[in-house]
Amino acid sequence: MKIISRGKFFLLFIILIHTALPIISETVPASIINAVFNDKLTKDEKASLASGEIVVRNIGNYKKISLNKVTDKAEVIIADFKKLKPSYLAETIQIRPVTTKTSDELKMLKGVLMDVSNYVGIPYYSVRNEKWFDLYSSADVKSQYFSGNKEVVNVDFDMSPFGIINTDVSAESSSTDLFYKSVNKSKVKYSGFTCVDPEELISYIYVFNYGNWQVIYGIGGADAPSIFFLKDRIETSFINRITSFCTYMCNFLE
């Protein structure tokens, strides 16, 4: 698999986060936003979506998920988090016009997402330490298989401060949508404590066309206990990493 160096990842990240907003030349219609998303979005969040900005929401509860059941895959996402009832949950959302490049961009994004060696070197800023770190310091692929249009990779990710997390990563795509999921298959530990059991750290990236608009929706959550002396650190670690990953990947669709 092709490996993008840490330096290239960091350069791409800096260029992308400093791109001027709004990044689209036309306003997303309110009818589109209100059809795809519910009233959990604030007026300001809807205004940001209308301008083409990436909206990040630290929501903490599955009942605050903003996505409507507009497709079968949207229903899967909502049902999964309703079952999980995560303690920590965050969304990243963006809406863009469908273009002649949309299909090629989806194919490219699937390749980036499934080449898990590329995850090594994604930059993550630690607020607590006031330093940049690698989101993942290593990715050791254990197995890989295809089932129709779906690709699944099992990988050991090394993610500080949690250590090795065995994870199933999967994606399927067409010319109009992409459906990506990652779920931990091993326990996640923090400072010697098991903070997440297997299959309780879940992330999705779902990209789909709705009329003439492309919806980019990322969500990630963890069902971790609220240990009073670790809660703030665990929440910051999970939420910042979820939003860093989803936002970074969304930017490949510019």
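Here the structure is a predicted model, which is why all the values come from computation and not from measurement.
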* Asked: Sequence neighbours excluded, which residues qualify as side-chain hydrogen bond (donor to acceptor under 3.5 Å, both in side chains) partners of Lys46?
  -> Asn34

* Go through the structure and list residues passing side-chain hydrogen bond (donor to acceptor under 3.5 Å, both in side chains) with Glu151, not counting sequence neighbours. => Gln144

* To do: Please examine the side chains of Tyr217 and Ile205, heavy atoms only from C-beta on, and report whether any two atoms are closer than 4.5 Å.
  => no

* To do: To the nearest 0.5 Å, tell me how far Ile202 CD1 sits from Asp168 CG.
  => 11.5 Å

* Asked: Same hydrophobic cluster for Val141 and Val169, using side-chain heavy-atom links shorter than 4.5 Å among ILVMFWY?
  -> yes

* Structure fact -> Distance col, row Ser103:OG vs Asn209:CG, nearest 0.5 angstrom, shows 9.5 Å

* For Tyr145, which fellow cluster members are found when Ile, Leu, Val, Met, Phe, Trp and Tyr are connected by side-chain heavy-atom distances below 4.5 angstrom, either directly or through intermediates? -> Val152

* Asked: Who passes side-chain contact (heavy atoms from CB on, under 4.5 Å) against Lys82, sequence neighbours left out?
  -> Tyr62

* To do: Sort and list the pairs that fulfil salt bridge (Lys or Arg N to Asp or Glu O under 4.0 Å) and have at least one residue in residues 28-43, not counting sequence neighbours.
  => none

* To do: Please identify each residue that fulfils salt bridge (Lys or Arg N to Asp or Glu O under 4.0 Å) with Lys142, with sequence neighbours left out.
  => Asp140, Asp156

* Sequence-distant partners of Asn68, side-chain contact (heavy atoms from CB on, under 4.5 Å), two or more places apart -> Asn38, Val70

* To do: Applying side-chain contact (heavy atoms from CB on, under 4.5 Å), name anything that partners Lys63, two or more places apart in sequence or on another chain.
  => Asn61

* Would you mind reporting whether Val36 and Ile95 have side-chain heavy atoms less than 4.5 Å apart? => no

* Looking at residues at least two apart in the chain, or sitting in another chain, which of them share a salt bridge (Lys or Arg N to Asp or Glu O under 4.0 Å) with Lys110? -> none

* How about Pro97 and Asn212: do any of their side-chain heavy atoms sit closer than 4.5 Å? -> no

* Between CG on residue Leu67 and OH on residue Tyr206, distance to nearest 0.5 Å -> 8.0 Å

* Any Tyr180 side-chain heavy atom under 4.5 Å of Leu109 side chain -> no

* Asked: Does some side-chain heavy atom of Val28 sit less than 4.5 Å from a side-chain heavy atom of Leu49?
  -> no

* **Results of side-chain hydrogen bond (donor to acceptor under 3.5 Å, both in side chains) for Thr99 - residues two or more places apart only** => none

* Structure fact -> One should read off an interatomic distance between Ile78 CD1 and Tyr204 OH, to the nearest 0.5 angstrom, of 11.0 Å

* Please examine the side chains of Val76 and Lys181, heavy atoms only from C-beta on, and report whether any two atoms are closer than 4.5 Å. => no

* **Reported CZ-to-CG distance for the pair Phe81 and Leu89, which is rounded to 0.5 angstrom** => 5.5 Å

* **Partners passing side-chain contact (heavy atoms from CB on, under 4.5 Å) against Glu172 (at least two apart in sequence or in another chain)** => Asn149, Lys150, Phe179

* Asked: Can you find a heavy atom in the side chain of Glu105 that is under 4.5 Å from one in the side chain of Val207?
  -> no

* Structure fact -> The side-chain hydrogen bond (donor to acceptor under 3.5 Å, both in side chains) partners of Glu199 (sequence neighbours excluded) come to Lys185

* From NZ (Lys187) to CD1 (Ile165), nearest 0.5 Å -> 14.0 Å

* **Connected via hydrophobic side-chain network under 4.5 Å: Val196 and Ile164** => no

